[in-house]
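Only one structure is covered here, and it is reproduced in the block below.
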Amino acid sequence: RIESNGNANMFKIDGGNEAEIGGVYFSGQISIHGANVLIEKSSFINSLSDDGINIKYSTVDIKESYFANNKGDQIDLDFCKGSFLNNKLLFESYLVNSSLETDGLDISGTEINIENNLFYNFSDKGVSVGESSYPKIIGNNFKNNNMAIAVKDGSVAKVKENIFNKNKEDISIYIKKKFYDEPK
């Protein structure tokens with residue numbers, strides 16, 4: 001169900017794709033720009049697009065939802081504020097191939113609380129923190145990811161009380177785009 005105010009509750013989308021509409025590129029099987037977004041108990045799976053869901057310039061409250069087997073990022077938040085709580089993000093191992101880089105949550109220019117989520121089996125990053133983002137990453141479970149958390153490009157991440165299990169790297173900090181300050 002998606003309500004007229006943009007809230008999604010017990011919503012499921014499966015197998016969608018990206019599109020260009022009126023000269024604007026929408027990178028997710030769902031793309032939301034400039035809104036107040038509440039998503040709970042919803043599923044975003046098997047997207048053929050760059051993002052399972054992409055949200056830009058919005059206030060977000062996303063909780064108790066499921067993101068799985070989307071081709072690129074499970075969810076991408078650009079220039080958002082809000083919370084991401086009690087969600088499950090995974091990529092099933094039989095779908096992984098050497099050319100496909102998958103992320104769980106990808107944020108850019110975003111200030112968000114990321115709490116009590118599961119990030120499982122991503123070939124690139126569980127959480128990608130980029131472009132001057134300010135997340136609080138607390139009490140999450142990171143299992144079997146290439147990098148559990150990557151902090152890049154002027155971002156400042158507060159990380160505490162997370163569980164790291166069988167990741168190649170638990171936390172990576174680096175500059176990807178040279179015009180940004182050191183991340184912390």
Side chain proximity check, [X] to [Y], heavy atoms < 4.5 angstrom:
X: Lys152; Y: Tyr180; result: no
X: Leu105; Y: Leu77; result: yes
X: Ile45; Y: Lys12; result: yes
X: Phe122; Y: Asp103; result: no
X: Asn113; Y: Ile138; result: no
X: Ile175; Y: Asp153; result: yes
X: Ile53; Y: Ile39; result: yes

Angle between ring planes, [X] versus [Y], binned at 30° and 60°: parallel, tilted or perpendicular?
X: Phe26; Y: His33; result: tilted
X: Phe119; Y: Phe142; result: parallel
X: Phe44; Y: Phe11; result: tilted

- prompt: Judged by modelled atom types alone, do Thr102 and Ser123 share a side-chain donor-acceptor pair under 3.5 Å?
  reply: yes
task: Mind running side-chain contact (heavy atoms from CB on, under 4.5 Å) on Tyr120 and Asn141 for me, showing each step along the way?
output: CA-CA 8 Å; Tyr120 177 70; Asn141 188 342; over 6 Å; no
message: Check whether Glu92 reaches the backbone of Asn69 with its side chain - one donor and one acceptor, N or O, closer than 3.5 Å.
response: no
Could you tell me which non-hydrogen atom of [X] sits nearest to which non-hydrogen atom of [Y], and how far apart they are?
X: Gly109; Y: Ser133; value: N-OG, 3.0 Å
X: Asn117; Y: Asn87; value: OD1-N, 2.7 Å
X: Ile13; Y: Ile30; value: CD1-CG1, 3.7 Å

field: Partners passing side-chain contact (heavy atoms from CB on, under 4.5 Å) against Glu64 (at least two apart in sequence or in another chain)
entry: Lys41, Asn86
